[in-house]
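Numbering starts at 1 and runs along the sequence shown. Each ligand, and each atom within it, is numbered from 1 in the order the structure gives. All heavy atoms count here, side chains included; hydrogens, waters and symmetry mates do not.
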Amino acid sequence: MDKIKMTTPLVEMDGDEMTRILWKMIKDELLLPFVDLNTEYYDLGLENRDKTNDQVTIDSAEATKKYGVAVKCATITPNAARVKEYNLKQMWKSPNGTIRAILDGTVFRAPIIVKGIEPYVKSWKKPITLARHAYGDIYKAVDMKVEGPGKCELVFTDAAGNETRELVHEFNGSGVAMGMHNTTKSIESFARCCFNYALDTKQDVWFATKDTISKKYDHYFKDVFQEIFDAEYKARFEELGITYFYTLIDDAVARVIKSEGGYIWACKNYDGDVMSDMVATAFGSLAMMTSVLVSPDGNYEYEAAHGTVQRHYYKYLEGEKTSTNSVATIFAWSGALRKRGELDGISELAGFADKLEKATIDTIESGIMTKDLALITSLENVTVADSEEFIKAIRKNLEALV
Ligand code: NAP
Ligand code: MG
């Protein structure tokens, strides 16, 4: 069999611990036998980040801007314990944070649906994709403890020195106060990322805020989305038969629970933080979530939503077998290869990504799965596979498909 050729390199960001072990297994068993892999490799493993003073992370993000598509392995975000464990020069920042700051954009997370891993919400039949705005609001706020009676005001001073004031509260006693912000640029880019992703995946967009109470702040989000939609996206949405729908956040929550899924739920930063954990858990597992960062100028970085699975790695180092779920990492690769195939007009590559995903889902639905899934499945007589056996079982199904 001829291997599938690639034209443009895919940016490959290797990572840490158990996911780094899975990364190599996936490449050896599921990719290299079938695809003439053309990647530009960046080793984001903690040792190399330390060695390069984290320049490798910056370089990998710049390469993503150059080529448009990246696939990333989970990486350690150092804390004090890691600084000691790896004897680091300093406590390097979160690679995801560094990459997001360079690419800008919105993170989209969606569950991978398989028979036998049923959502806790019975009506959910299709994935719900959560689009979380990743800038501002309470994550960039200043807050203050008020110790006694007094006046708290919000003061804006423009470039000419003119002041605008709003009374926050006239305190009779002690209390708390907060000032937060967002920027038009960031809200606009959030809106465009959501609408572009909807066009890409042919799904409706739902957006909700608390604009009835937050008449200026949240209302501004609502207005920005509507203006951008009407001016730039309305016609293309109509062509594809998809819709943009705005409602109040309380109403959205009720509708989401009663819906059958199959849409993008755009959330402000805090709502997205909370709701993405709820949606992931209700669908079954973090190891069964896809995650992609989409930048406003159309760059894509695919990753798994979970971490480096440190506890399993230490077992692996002691020579023990682990049963680590590789599905999210496999889907990071398939997502990136499909996007590369679409951008370069290589239908075989996009087709291979579909087959790889089908082989993975078929394996689980046939009753072969890792321990985390075996614990929650409704299937009977399942075989609990170790990390390697699971990937080899997928390989067998994949060979029958290609
Ligand atoms: P984690 O790696 O997501 O793992 C937490 C626990 O969840 C595991 O111990 C395991 O439970 C279960 N789990 C997660 N993924 C699994 C999988 N694929 N298969 C089976 N079980 C899985 O989170 P963490 O242990 O808190 O973090 C470890 C490291 O990852 C940290 O250094 C952190 O900085 C990093 N991290 C990176 C990213 C990223 O790069 N995107 C995201 C989050 C965390 P059991 O132990 O019960 O089996
Ligand atoms: Mg959270």
Side-chain angles (χ1 to χ4, degrees), residues 12-23 25-26 42-50 54 56-57 60-61 70-86 88 91-101 103 105 107-109 111-112 114 117 132 134 273 276-277 280-281 283-293 301-318 320-333 335-336 360 363-364 368-377 384-391 394:
E12 175 183 353
M13 306 170 177
D14 206 345
D16 288 300
E17 300 195 312
M18 201 58 216
T19 40
R20 188 181 179 99
I21 307 298
L22 297 178
W23 195 260
M25 285 185 197
I26 291 167
Y42 293 86
D43 183 0
L44 267 55
L46 187 51
E47 275 155 21
N48 194 46
R49 274 184 275 147
D50 194 50
D54 212 23
V56 66
T57 308
S60 73
V71 58
K72 180 180 171 292
C73 181
T75 46
I76 293 169
T77 297
N79 53 17
R82 299 298 203 163
V83 171
K84 217 171 145 199
E85 181 184 354
Y86 284 82
L88 300 178
M91 201 185 291
W92 304 109
K93 285 193 200 145
S94 148
N96 288 328
T98 303
I99 293 166
R100 265 172 224 167
L103 295 180
V107 177
F108 294 86
R109 290 201 163 160
I112 299 158
V114 297
I117 311 292
R132 175 185 170 186
D273 186 352
S276 63
D277 277 8
T281 308
F283 268 106
S285 159
L286 210 56
M288 296 294 285
M289 290 285 282
T290 62
S291 181
V292 57
L293 171 70
E301 185 232 306
Y302 293 82
E303 56 171 12
H306 59 77
T308 60
V309 213
Q310 179 182 19
R311 204 180 64 81
H312 295 211
Y313 181 60
Y314 288 165
K315 277 172 65 178
Y316 169 88
L317 286 182
E318 282 167 18
E320 273 183 64
K321 293 266 184 218
T322 71
S323 183
T324 317
N325 190 335
S326 47
V327 172
T329 307
I330 293 170
F331 273 65
W333 274 100
T360 306
T363 303
I364 299 169
I368 303 173
M369 60 191 75
T370 45
K371 192 176 157 198
D372 56 313
L373 296 184
L375 289 171
I376 57 170
T377 186
V384 180
D386 65 39
S387 307
E388 203 172 352
E389 286 166 353
F390 180 64
I391 289 172
I394 297 171

Here the atoms of ligand 1 under 4.0 Å from any heavy atom belonging to Lys72 are 40 (O)

* Protein heavy-atom contact under 4.0 Å for atom 6 (C) of ligand 1? -> no

If only side-chain N and O atoms count, and only distance matters, is there a donor-acceptor pair under 3.5 Å linking Glu320 with Tyr316?
no

The atoms of ligand 1 lying under 4.0 Å from a heavy atom of Asn96, numbered in the order shown, are 39 (C), 40 (O), 41 (N)

For Asp372 and ligand 1, does the shortest N/O to N/O distance drop below 3.5 Å?
-> no

Review point. Heavy atoms of the protein only: does one fall short of 4.0 Å from atom 12 (C) of ligand 1?
Key: no

When distances are taken from atom 19 (N) of ligand 1, the protein heavy atom at minimum range is Asn325 N, 2.9 Å

By salt bridge (Lys or Arg N to Asp or Glu O under 4.0 Å), Asp43 pairs with (sequence neighbours left out) Arg20

Exercise for the section: Compare all side-chain heavy atoms of Leu88 with those of Val83 and state whether any distance is below 4.5 angstrom. Expected result: yes

* For Asp50 and Trp92, run side-chain contact (heavy atoms from CB on, under 4.5 Å): C-alpha distance rounded to whole Å, both residues' side-chain angles, the deciding distance at 0.1 Å, then the answer. => CA-CA 8 Å; Asp50 194 50; Trp92 304 109; 2.7 Å; yes

Polar-atom distance check: Glu17 versus ligand 1, any N or O pair below 3.5 Å?
-> no

Atom 37 (C) of ligand 1: closest protein heavy atom, distance to 0.1 Å, is Thr75 O, 3.0 Å

- request: Step by step, work out the side-chain contact (heavy atoms from CB on, under 4.5 Å) result for Ser291 and Val107.
  value: CA-CA 7 Å; Ser291 181; Val107 177; 3.7 Å; yes

Original post:
Do Ser323 and Val384 come within less than 4.5 Å of each other through their side chains, counting heavy atoms only?
Top reply: yes

Among non-hydrogen protein atoms, atom 30 (O) of ligand 1 lies closest to Thr308 N, 3.0 Å

*Exercise check, heavy-atom protein proximity under 4.0 Å to atom 15 (N) of ligand 1*: yes

query = Would you say atom 27 (O) of ligand 1 has a protein heavy atom nearer than 4.0 Å?
reply = no

Worksheet item: Have Thr370 and Asp372 got a donor and an acceptor in their side chains that come within less than 3.5 Å?
Response: yes

In Thr322, Asn325, Thr324, the residue satisfying side chain to side chain donor-acceptor pair (under 3.5 Å) with His312 is Thr324

Check your understanding: Can you find an N or O of Ser323 that's nearer than 3.5 Å to an N or O of ligand 1?
Key -> no

Numbered in order shown, the ligand 1 atoms found under 4.0 Å of a heavy atom of Ala287 are 17 (C), 18 (N)

Sorted by chain and number, sequence neighbours left out, salt bridge (Lys or Arg N to Asp or Glu O under 4.0 Å) with Arg109 holds for Glu303

Going by heavy atoms, is Leu286 under 4.0 Å from ligand 1?
no

| Check: Glu12 and Trp23 side chains under 4.5 Å, non-hydrogen atoms | yes

Is any side-chain N of the basic residue among Glu17 and Arg82 closer than 4.0 Å to the acidic one's carboxylate O? yes

Heavy-atom proximity to atom 32 (O) of ligand 1 ranks first, among Lys315, Met18, Arg82, for Arg82

Check: of Thr19, Thr77, Val309, Leu44, min heavy-atom distance to atom 34 (O) of ligand 1 comes from Thr77

Ranking Gly307, Ala74, Ser291, Ala81 by closest non-hydrogen atom to atom 1 (P) of ligand 1, top hit is Gly307

Atom 47 (O) of ligand 1 has as its nearest protein heavy atom Arg311 NH2, 3.8 Å

Is there a nitrogen or oxygen of Thr324 sitting under 3.5 Å from a nitrogen or oxygen of ligand 1? no

Paired with Lys72, the side chain to side chain donor-acceptor pair (under 3.5 Å) test is passed by just one of Thr329, Asp14, Asn96, namely Asn96

In terms of its nearest heavy atom to atom 10 (C) of ligand 1, the top option of Lys371, His312, His306 is His312

